[in-house]
Participant: 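One structure coming up, written as structure tokens, with questions to follow.
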Amino acid sequence: MSKQLLLLLFAGVLFAQIGRAQGPPITADKPIMLGGNTVVLKTLTEIRNTEVGTFVNAPLMGHYIISANSLVAVHLPYVHYNFNDASGRGAGSTLGDINILGKYQFYRKDGTGKTFRMVAKTLQTMPTGKSLDIEEMSTGDYAGYYAWVGGYESLKFGISSEVGYRWVPDGTLDKFQAKLGFGLPLLKPTYPVNQLNLYFEYSSEWLHERDAYQLLYAQGIQYARKKWTWEMAIQLPLIQDAPVSEQLNYAVFLGTRYIL
């Protein structure tokens with residue numbers, strides 16, 4: 001009985017280290033959650049430069065992990081926009097579209113030093129922002145996003161994937177989306193957490209109502225120390241089959257996370 005208890009304790013510590021050794025991807029998502037009754041405060045500022053202007057989204061995000069397989073969150077975005085003179089929409093700051101996130105882990109398979117999990121995910125976007133047509137920042141339209149997220153992690157690397165669809169009943173921003181991310185820990189797992197990770201992330205988006213397609217690539221780096229995490233990524237387009245006015249030049253992401 002004592003041996004079984006020690007094995008269970010060891011397994012719990014091991015998988016906790018796997019989950020913490022490779023933090024969540026920077027521009028993507030992953031199905032592995034921390035323990036229940038945990039609060040994570042975070043922000044992920046995006047600086048997006050496009051052919052029509054430069055836009056900054058600085059959200060305040062609160063995630064509550066109800067249990068090891070369920071999570072709810074609220075994202076409160078603060079958006080600054082600066083359109084080119086040709087657009088006639090000027091510059092300013094506003095509250096963006098508020099997001100409510102829900103995730104439920106429905107599959108989990110653990111092995112020695114590795115784990116595979118799957119999550120059902122929904123992101124409900126409230127029409128609280130101005131009608132600026134800035135996708136995922138400020139559109140003024142309701143949107144519902146529904147996706148499956150899968151992920152495999154070991155002590156040496158991690159792979160995450162996501163396939164979903166966004167429905168915008170009163171707009172033209174419906175899209176199919178797929179994401180693929182690879183995480184590479186550069187340090188051995190330790191306790192307290194002291195981890196440096198590299199991320200290679202791809203995002204494929206097809207806005208079929210606008211006949212627009214993008215394949216984006218993000219290179220990121222993340223450092224976690226105890227309860228804090230700092231991260232940065234640069235996102236660039238690989239393929240853009242879209243009107244010039246909707247094309248991305250580059251995006252920079254700067255984020256911080258804190259576990260209460």
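On a predicted model such as this, the values are computed, not experimentally measured, just so you know.
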Participant: Given side chain to side chain contact (heavy atoms under 4.5 Å, CB included), test Leu236 with Tyr217 step by step and report yes or no.
Facilitator: CA-CA 5 Å; Leu236 299 169; Tyr217 167 71; 5.6 Å; no

Participant: First locate atom NZ of Lys175, then atom CD of Glu135, and finally report the distance between them rounded to the nearest 0.5 Å.
Facilitator: 4.0 Å

Participant: Just how far is it from atom CG of Leu180 to atom CD1 of Ile159, taken to the nearest 0.5 Å?
Facilitator: 7.5 Å

Participant: Compute the ring centroids of Phe83 and Phe55, then answer whether they are less than 6.0 Å apart.
Facilitator: yes

Participant: Starting from the C-alpha separation in whole Å, work towards a yes-or-no answer on side chain to side chain contact (heavy atoms under 4.5 Å, CB included) for Phe200 and Gln219.
Facilitator: CA-CA 5 Å; Phe200 311 86; Gln219 175 69 69; 3.1 Å; yes

Participant: Apply the test side chain to side chain contact (heavy atoms under 4.5 Å, CB included) to residues Phe253 and Glu231: give CA-CA distance (whole Å), side-chain angles for both, the deciding distance (0.1 Å), then the verdict.
Facilitator: CA-CA 8 Å; Phe253 294 85; Glu231 53 200 2; over 6 Å; no

Participant: Could you report the tightest heavy-atom contact between His63 and Leu101, atom names first, then the distance?
Facilitator: CE1-CD2, 3.8 Å

Participant: Test of understanding: clusters of I, L, V, M, F, W, Y form through side-chain heavy atoms closer than 4.5 Å, transitively. Do Ile221 and Val252 belong to the same one?
Facilitator: yes

Participant: Does the side chain of Arg166 come within less than 4.5 Å of Thr125's, by heavy atoms?
Facilitator: no

Participant: Among Leu95, Thr139, Val79, Thr94, exactly one meets side-chain contact (heavy atoms from CB on, under 4.5 Å) together with Lys130. Which residue is that?
Facilitator: Thr94

Participant: Should Lys42 and Thr229 count as side-chain neighbours, where that means a heavy-atom distance under 4.5 Å?
Facilitator: no

Participant: Leu248, Leu238: one ILVMFWY side-chain cluster at the under-4.5 Å cut-off?
Facilitator: no

Participant: Can you see which heavy atom on Ala28 is nearest to which on Glu201, and at what distance?
Facilitator: N-OE1, 3.7 Å

Participant: Any heavy-atom pair between the side chains of Tyr81 and Met137 that's under 4.5 Å?
Facilitator: no

Participant: Please say whether more than 12 non-hydrogen atoms of neighbouring residues, nucleotides or ligands are located less than 6.0 Å from CH2 in Trp167.
Facilitator: no

Participant: Give a yes or no on whether the ring-centroid distance for Tyr107 and Trp148 is below 6.0 angstrom.
Facilitator: no

Participant: Report yes or no: does Gln235 contribute a side-chain atom to a donor-acceptor pair with the main-chain N or O of Leu216 at less than 3.5 Å?
Facilitator: no

Participant: Please find the pair of heavy atoms, one from Ser204 and one from Tyr213, that lie closest to each other, and give the distance.
Facilitator: OG-OH, 2.9 Å

Participant: Once salt bridge (charged side-chain N to carboxylate O under 4.0 Å, His left out) is applied, what residue pairs with a partner in residues 234-249 remain, sequence neighbours excluded?
Facilitator: Arg210-Glu246

Participant: Flag yes if Leu186 and Phe182 sit in one hydrophobic cluster, no otherwise; membership is Ile, Leu, Val, Met, Phe, Trp, Tyr, and two members link when side-chain heavy atoms are under 4.5 Å apart.
Facilitator: yes

Participant: As an exercise, state the distance from OG of Ser203 to NZ of Lys179, rounded to the nearest 0.5 Å.
Facilitator: 5.0 Å

Participant: Tracing side-chain links under 4.5 Å among I, L, V, M, F, W and Y, which residues wind up in one group with Val168?
Facilitator: Leu173, Leu207

Participant: Between atom CD of Glu136 and atom CG of Asn99, what is the distance when rounded to the nearest 0.5 Å?
Facilitator: 8.5 Å

Participant: What are the two closest non-hydrogen atoms of Lys30 and Pro25, and how far apart are they?
Facilitator: CB-CD, 3.7 Å

Participant: Using side-chain heavy atoms (C-beta onward) and a distance below 4.5 Å, is Arg117 in contact with Asp110?
Facilitator: yes

Participant: Where do Pro77 and Ile98 come nearest, in terms of heavy atoms and distance?
Facilitator: CD-CA, 3.9 Å

Participant: Taking all atoms of both residues into account, what is the closest heavy-atom pair of Thr128 and Asp97, and its distance?
Facilitator: OG1-CA, 3.4 Å

Participant: In the hydrophobic clustering (ILVMFWY, side-chain contacts below 4.5 Å, transitive), which residues join Val163, or is it alone?
Facilitator: none

Participant: Report yes if the side chains of Leu196 and Tyr223 come closer than 4.5 Å at any heavy-atom pair, otherwise no.
Facilitator: yes

Participant: Mark yes or no for whether Asn37, through its side chain, and Ser67, through its backbone, hold a donor-acceptor pair below 3.5 Å.
Facilitator: no

Participant: Hey, does Asn57 have a side-chain heavy atom less than 4.5 Å from the side chain of Arg48?
Facilitator: no

Participant: If only atom types and distance count, is the side chain of Gln214 paired as donor or acceptor with the main-chain N or O of Gln247 below 3.5 Å?
Facilitator: no

Participant: For the pair Asp170 (side chain) and Tyr142 (backbone), establish whether a donor and an acceptor sit closer than 3.5 Å, ignoring hydrogens and angles.
Facilitator: no

Participant: Which distance, rounded to the nearest 0.5 Å, do you find between the NZ of Lys188 and the CG of Asn194?
Facilitator: 13.5 Å

Participant: What distance separates His208 NE2 from Asp174 CG, expressed to the nearest 0.5 Å?
Facilitator: 4.5 Å

Participant: Treat each ILVMFWY residue as a node, draw an edge where side-chain heavy atoms are under 4.5 Å apart, and state whether Leu60 and Trp230 are in one component.
Facilitator: no

Participant: Quick one: does Tyr104's side chain get under 4.5 Å of Asn69's, heavy atoms only?
Facilitator: yes

Participant: Would you say that Glu162 contacts Lys121 through its side chain, given a criterion of any heavy-atom pair below 4.5 Å between the two side chains?
Facilitator: yes

Participant: Decide yes or no on side chain to side chain contact (heavy atoms under 4.5 Å, CB included) for Tyr152 and Phe116, but give the supporting numbers first.
Facilitator: CA-CA 4 Å; Tyr152 170 85; Phe116 175 77; 4.1 Å; yes

Participant: Among Asn49, Thr54, Thr50, which residue meets the side-chain hydrogen bond (donor to acceptor under 3.5 Å, both in side chains) test with Asn249?
Facilitator: Asn49

Participant: Would you kindly confirm whether Val244 and Trp206 end up in one hydrophobic cluster when ILVMFWY residues are joined by side chain heavy atoms under 4.5 Å apart?
Facilitator: no

Participant: Strictly below 4.0 Å, N to O, side chains only: are Lys103 and Asp29 in salt-bridge contact?
Facilitator: yes

